[in-house]
Amino acid sequence: MSSAATRVTGQDHLWSVTEHLEDILATVRPLEPIELQLLDAQGCVLVEDVTVPVSLPPFDNSSMDGYAVRVADVAGASEEYPAVLTVVGDVAAGQGGQLRVGPGEAARIMTGAPLPPGAEAVVPVEWTDGGLGEGPVSGMRARSAAPEGASGQVHVHRPAEARAHVRAKGSDVKAGDRALEAGTILGPPQIGLLAAIGRGTVRVRPRPRVVVLSTGSELVQPDEPLGSGQIYDSNSFALCAAARDAGAIAYRVGAVADDAETLRATIEDQLIRADLLVTTGGVSVGAYDVVKEALSSVGDEDEEGSGIDFRKLAMQPGKPQGFGTIGPEHTPLLALPGNPVSSYVSFELFVRPAIRTLSGLDDIHRPTTTATLETGKALTSPDGRRQFLRGRYADGKVTPVGGAGSHLVAALAQADALIVVPEDVTSVEPGTEVEVVLLG
């Protein structure tokens, strides 16, 4: 294993949140573009402008089921004095070979079908008797059940202006127009537009592949029985879900026991499918902090600053952190603390921006706002640390949930925001304005 990052710090250096994030973002680079099939490109960032090769729609077509007519033939039409026209046939969507509509004629036309030569407008079928010789109808009978509907006469009860219910060629986009700009995130509407203009593939930055490993001999997978001193592994599930929410393809690795060699071997195996590695647990100062033990000395001696740097941050929760690059491709690795809330807060602050940077996005941070603090007591922050408290946000107000304890997973599940207490503020009183990171 090796690393490309250069970061020389003293063991006693206390990193700020901003310094740590800047170090990460200085190392992480957007992934190289690739050509993908449309559905595989969903959620990816477009790397080039897409121009329209053919107008959309490519021909004048009907926006209604009805009859294609000449305007003069239906002028003055009413229910008392309907215009009576000869039906010369059907025009269906996708039908080749067009009819021609002459004076006194009409063609029964379906939504999306090309407007036949000679026709100037479309009257909806509800404005006619549907060829039945009675009052207005609500629809057409299926051609297979009533083929005679494509012939005979139709009574039209209302006039139509020129181009009524006609979608003009190029009214959506014209050939040569720019359909999508580079930097666009491809969601369902954008995928639909690309298909509509005939693009089957598109050049994008791929979704990052993120491998999540949790560590700890005490961890048991959900649905398995708990032994003495054991707990369920929740971090790998929460962080995989968070990585997917950030736009990544996430792979969860089952909990790795507290053994340095096993962890190193597991990480080596996972490098082949990882653009980013995330570990959780084992980064503090205990005798069984296996991530720190396994990765502190994995660097290349000939490469300055290699290996994973383990550091303390001026934040709560989440003081112990690790970051570096690893393996022959210098894959970024973020080592997060094992406490579930510390781990999730660390993900939001550091891993999510890294994922979105790999994706090629410009907007890499969660939205923030200011809100009035609603609580019965002052919030406190350790002197010299930035604190991130869970909260519920609504209508410009934010209410803490679960108190200040960093271990409250149930409180995190209720929260949709993080309340930020700056490092130079030791207490925030109810009714004051605070910065809020919106998680939803």
With sequence neighbours excluded, what pairs up with Tyr251 under the ring-ring contact (aromatic ring centres under 6.0 Å, His included) test?
none

Would you list the atom pairs, donor with acceptor, under 3.5 Å between side chains in residues 418-440 and any protein atom, with sequence neighbours excluded?
{"unit_1": "Glu423", "atom_1": "OE1", "unit_2": "Arg386", "atom_2": "NE", "d": "3.2"}
{"unit_1": "Glu423", "atom_1": "OE1", "unit_2": "Arg386", "atom_2": "NH2", "d": "3.4"}
{"unit_1": "Thr432", "atom_1": "OG1", "unit_2": "Glu429", "atom_2": "O", "d": "2.7"}
{"unit_1": "Glu433", "atom_1": "OE2", "unit_2": "Thr372", "atom_2": "OG1", "d": "2.8"}

Heavy atoms, side chains only, cut-off 4.5 Å: are Leu336 and Leu239 in contact?
yes

Determine whether Asp309 and Phe323 satisfy the following criterion, side chain to side chain contact (heavy atoms under 4.5 Å, CB included), listing intermediate values before the conclusion.
CA-CA 5 Å; Asp309 182 36; Phe323 173 65; 6.0 Å; no

At what distance, to the nearest 0.5 angstrom, does CG of Leu277 lie from CG of Leu271?
5.5 Å

Contacts satisfying side-chain hydrogen bond (donor to acceptor under 3.5 Å, both in side chains) that involve residues 222-232 (not counting sequence neighbours) are none

Heavy atoms, side chains only, cut-off 4.5 Å: are Leu412 and Pro340 in contact?
no

Say whether, by atom type as modelled, one donor and one acceptor occur between the side chain of Thr111 and the main chain of Asp65 under 3.5 angstrom.
yes

Working to the nearest 0.5 angstrom, can you tell me the gap between Lys319 NZ and Arg385 CZ?
4.5 Å

Please state whether the rings of Phe347 and Tyr344 are parallel, tilted or perpendicular, taking 30° and 60° as the class boundaries.
parallel

Taking the side chain as every heavy atom from C-beta outward, state whether Ile109 and His165 have any atom pair closer than 4.5 Å.
no

Could you name each residue pair satisfying ring pair (Phe, Tyr, Trp, His ring centres under 6.0 Å) that touches residues 16-51, not counting sequence neighbours?
His20-Phe350

How far does NE2 of His330 sit from CZ of Arg29, to the nearest 0.5 angstrom?
13.0 Å

At their closest point, which heavy atom of Ala255 faces which heavy atom of Leu219, and how far apart are they?
CB-CB, 3.6 Å

Side chains of Val101 and Arg70, heavy atoms from C-beta outward: is any pair under 4.5 Å?
yes

Taking all heavy atoms of Pro208 and all of Leu31, pick out the closest pair and write down the distance.
CA-CD1, 3.7 Å

Which heavy atom in Ala121 sits nearest to a heavy atom in Ala160, and how many Å separate them?
CB-CB, 4.2 Å

Answer yes or no: is there a donor N or O on one side and an acceptor on the other, between the side chain of Asn339 and the main chain of Val341, under 3.5 Å?
yes

If you take all heavy atoms of Leu115 and Ala68, which pair is closest and at what distance?
CD1-CB, 4.2 Å

Under 3.5 Å: donor-acceptor pair, side chain of Asp258, backbone of Ser217
yes

Does any N or O in the side chain of Asp60 come within less than 3.5 Å of the main-chain N or O of Lys169, such that one atom is a donor and the other an acceptor?
yes

Result of checking Thr331, Val212, Val211 against Gln270 for side-chain contact (heavy atoms from CB on, under 4.5 Å):
Val211

Determine which pairs satisfy side-chain hydrogen bond (donor to acceptor under 3.5 Å, both in side chains) with at least one residue from residues 180-208, sequence neighbours left out, and list them in order.
Glu35-Thr201, Arg178-Glu181

Non-hydrogen side-chain atoms of Cys44 and Ser359 separated by less than 4.5 Å:
no

Verify, without hydrogens or angle tests, whether Ser236 (side chain) and Leu213 (backbone) share a donor-acceptor contact under 3.5 angstrom.
no

I'd like to know if the side chain of Ser214 pairs up with that of Asp233 as donor and acceptor (distance under 3.5 Å, no hydrogens or angles considered).
yes

Over all heavy atoms of both residues, which pair between Ala354 and Ile24 is shortest? Give the atoms and the distance, please.
CB-CG2, 4.1 Å

Rounded to the nearest 0.5 Å, what separation is found between the CG atom of Asp40 and the CD1 atom of Ile34?
8.5 Å

Just by modelled atom types, is the Trp15 backbone N or O under 3.5 Å from a matching donor or acceptor in the Gln321 side chain?
no

Quick one: salt bridge (charged side-chain N to carboxylate O under 4.0 Å, His left out) pairs with a partner in residues 187-197, sequence neighbours left out?
none

Near Arg273 CZ, under 6.0 Å, is it more than 12 heavy atoms from other residues, nucleotides or ligands?
yes

Nearest heavy-atom approach of Val204 to Val47 is C-CG1, 3.9 Å

Can you tell me if Glu161 has over 12 outside heavy atoms packed within less than 6.0 Å of its CD?
no

Is there a donor-acceptor pair closer than 3.5 Å between any side-chain N or O of Thr280 and the backbone N or O of Pro337?
yes

For side chain to side chain contact (heavy atoms under 4.5 Å, CB included), just list the numbers for Asp23 and Arg311, CA-CA rounded to whole Å, side-chain angles, deciding distance to a tenth of an Å, and then say yes or no.
CA-CA 12 Å; Asp23 191 36; Arg311 53 188 63 160; 3.0 Å; yes

What is the distance from atom CD of Glu293 to atom CG of Leu263, rounded to the nearest 0.5 Å?
9.5 Å

Please assess Val256 against Ile267 for the test side chain to side chain contact (heavy atoms under 4.5 Å, CB included), listing each intermediate value before the final yes or no.
CA-CA 10 Å; Val256 180; Ile267 289 177; over 6 Å; no

Is any side-chain heavy atom of Arg100 closer than 4.5 Å to a side-chain heavy atom of Pro116?
no

Taking Pro317 as the fixed residue, which of Ser346, Ser342, Ser343 is the one that meets the side-chain contact (heavy atoms from CB on, under 4.5 Å) rule?
Ser342

For the side chain of Asp416 and the backbone of Tyr393, is there at least one donor-acceptor N/O pair under 3.5 Å apart?
yes

To the nearest 0.5 angstrom, please state how far the OG1 atom of Thr325 sits from the CG atom of Leu276.
11.5 Å

Looking at side-chain heavy atoms only, is the closest gap between Leu39 and Gln37 below 4.5 Å?
no

